[in-house]
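Here is how names work: the chains are called A, B, and so on, in the same order as the sequence lines, proteins then strands, and each is numbered from 1. Quantities reported herein were computed from a predicted structural model and do not represent experimental measurements.
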Number of protein chains: 2
Amino acid sequence: MSQGTHSGRGRGRPSSPVLSRERVTLAAIRIVTEQGYRHLTMAALARELGVAASALYNHVSSKRDVLILLQERVNERIDDSAFGTEPWDRALRQWAHSYRRCFMEHTALIPVMAVLPVADSPRTLRMYERVTRALNDAGIVGADAVDIIVGVEALVFGAAYDASAPAGIFDPGDLEDMAPTFTRFAAQRSADPRAAADRAFELALDALIDGLRRKYAA
Amino acid sequence: MSQGTHSGRGRGRPSSPVLSRERVTLAAIRIVTEQGYRHLTMAALARELGVAASALYNHVSSKRDVLILLQERVNERIDDSAFGTEPWDRALRQWAHSYRRCFMEHTALIPVMAVLPVADSPRTLRMYERVTRALNDAGIVGADAVDIIVGVEALVFGAAYDASAPAGIFDPGDLEDMAPTFTRFAAQRSADPRAAADRAFELALDALIDGLRRKYAA
DNA sequence: ACCTGAACACCGTTCAAGT
DNA sequence: ACCTGAACACCGTTCAAGT
């Protein structure tokens with residue numbers, strides 16, 4: 001579970017090492033933002049850092065480990081501050097919006113993130129604690145509070161995929177005759193697919209939260 | 001877009017070919033159900049069919065193409081029949097449940113499915129038409145109808161991931177002190193994580209649909 | 001038209017050897 | 001402790017050659 005040989009604080013020669021988990025993480029972020037996840041390979045990571053690929057394994061245990069490091073950084077930017085100031089329903093809404101925005105450009109992390117034990121991600125755990133506490137203060141306790149987190153997260157992940165989809169996925173092409181009603185209703189989508197994805201998410205999220213509000217009304 | 005050299009209906013010698021898109025699909029399903037997606041490689045697929053890996057490329061254009069074929073088969077089993085008989089809100093609920101059940105064991109297909117143009121998937125398009133039509137009959141028209149599909153789908157995909165997660169992902173381990181409230185609320189989850197995932201999905205879906213029902217009340 | 005066999009350009013990961 | 005270089009066991013895909 002706990003990997004990561006930390007650099008030399010002991011005595012002995014001070015031959016300060018080139019690599020560290022921190023450096024690996026930063027290099028990974030650079031590659032991902034500049035070239036995309038397709039180009040994030042152990043070889044590319046090593047090249048970016050000016051070392052042999054095998055050297056990376058002194059600091060991370062696998063490529064999955066690198067993805068977890070990356071996920072931790074992305075998670076850091078999710079804004080959950082509203083849980084301190086706003087009523088729970090408004091805070092939940094703001095949190096979900098920020099959450100989705102963070103993962104829209106990082107859908108490659110979703111399969112990792114969605115099944116990652118919280119024990120391996122302190123940031124995530126801290127976030128969950130904050131949300132749970134706010135729900136608790138609002139009278140939503142026990143399994144229900146966790147279920148709400150899980151449910152909202154599910155919508156967020158799915159919506160992040162949708163937002164990352166290429167334009168025109170709802171264009172039926174030459175299959176139009178098969179789905180005349182859908183084609184007609186989906187036509188506007190092609191104009192601004194990004195805005196359409198935003199609206200779809202907002203519609204679902206607002207309905208979800210409205211349903212929750214009603215269920216847990218004070 | 002249209003690949004797939006169909007087998008010989010013409011004259012010439014009847015040297016009936018070994019492969020076909022159908023056979024490739026069936027072999028892929030066999031591998032996936034018996035060994036899991038990790039083992040689905042072009043080499044394994046070829047071995048299963050008793051041919052060279054390069055032979056596959058006479059029938060599919062890429063591995064992604066195989067995954068699309070697979071997705072088409074999984075999609076086939078989603079039950080949308082309730083849209084013919086039940087009120088739209090109940091039908092939506094039943095559809096979402098079936099949808100999630102189908103993709104729980106096929107989360108590997110979600111990244112493909114979520115960004116796949118409907119023009120490449122007749123089954124999906126037909127399903128969308130059916131849902132749209134039912135919503136239309138209930139007075140929900142235009143972009144909203146498509147947004148509802150997209151929103152429900154997002155929740156379904158995210159929830160499918162959650163349901164496929166290994167047991168104990170909400171166990172904080174030695175980080176318990178960091179999140180006491182969350183730990184307490186999540187404790188029950190470890191007993192039966194499958195049932196917990198089901199409940200979380202149901203809670204979110206019911207809230208979502210309740211919110212929609214209220215918004216589009218007749 | 002459809003298949004084989006060899007080859008290509010990659011992957012992630014391991015490990016003996018060095019300092 | 002940390003790095004290199006070589007090697008391993010794979011990937012997906014292409015293509016000339018056969019029938």
> Going by heavy atoms in the side chains, are B:Leu135 and B:Asp144 under 4.5 Å from each other?
Replying inline: no

>> What is the distance, to the nearest angstrom, from the CG atom on A:Asp65 to the C1' atom on C:dG12?
In response: 13 Å

> What nucleotide, of D:dG12, D:dC3, C:dT4, holds the atom closest to the side chain of B:Ser54?
Replying inline: C:dT4

> If you find the nucleotide of DNA chain C closest to A:Arg38 and the one closest to A:Ala55, which residue's nucleotide is nearer the 5' end?
Replying inline: A:Arg38

> Between C:dC3, C:dT13, D:dG5, which one does the side chain of A:Ala52 approach most closely?
Replying inline: D:dG5

> Please give, in whole Å, the distance from D:dC11 P to B:Arg47 CZ?
Replying inline: 8 Å

> Roughly how many Å is it from NE2 in B:His39 to P in D:dG12, rounded to a whole number?
Replying inline: 13 Å

>> Without decimals, in angstroms, what is the distance between B:Lys63 NZ and D:dT13 P?
In response: 9 Å

> What integer distance in Å separates A:Leu19:CG from D:dC2:P?
Replying inline: 10 Å

> Between A:Met42 (CE) and C:dC10 (C1'), how many Å, whole number?
Replying inline: 15 Å

>> Check the orientation of A:Trp95 and A:Phe83. Use parallel for under 30°, tilted for 30 to 60°, and perpendicular for over 60°.
In response: perpendicular

>> Please pick, from D:dC3, C:dC2, D:dT13, the nucleotide with the shortest atom-to-atom distance to any side-chain atom of A:Asn58.
In response: D:dC3

> Any idea how A:Phe170 and B:Tyr128 line up, ring-wise: parallel (<30°), tilted (30 to 60°), or perpendicular (>60°)?
Replying inline: tilted

>> Ignoring hydrogens and geometry beyond distance, is a side-chain donor-acceptor pair present between A:Glu176 and A:Thr183 at under 3.5 Å?
In response: no

>> For C:dA1, give the paired nucleotide (Watson-Crick: N1-N3 plus N6-O4 or O6-N4; G-U: N1-O2 and O6-N3; both under 3.5 Å), or none.
In response: D:dT19

> NA contact type, B:Thr41, heavy-atom cut-off 4.0 Å: base, sugar-phosphate, or nothing?
Replying inline: sugar-phosphate

> In the structure shown, which nucleotide is the Watson-Crick or G-U wobble counterpart of C:dA6, with both distances under 3.5 Å?
Replying inline: D:dT14

>> I want to check one thing: is the phosphate of D:dC3, taken as OP1 and OP2, less than 4.0 Å away from some side-chain N or O of A:His59?
In response: yes

> Tell me: CG of B:Leu56 to P of C:dC2, nearest whole Å?
Replying inline: 14 Å

> Once you round it to whole Å, what is the distance between C1' of C:dA1 and CZ of B:Arg21?
Replying inline: 16 Å

>> Can you tell me how the ring of A:Phe103 sits relative to the ring of A:His106, calling it parallel under 30°, perpendicular over 60° and tilted otherwise?
In response: perpendicular

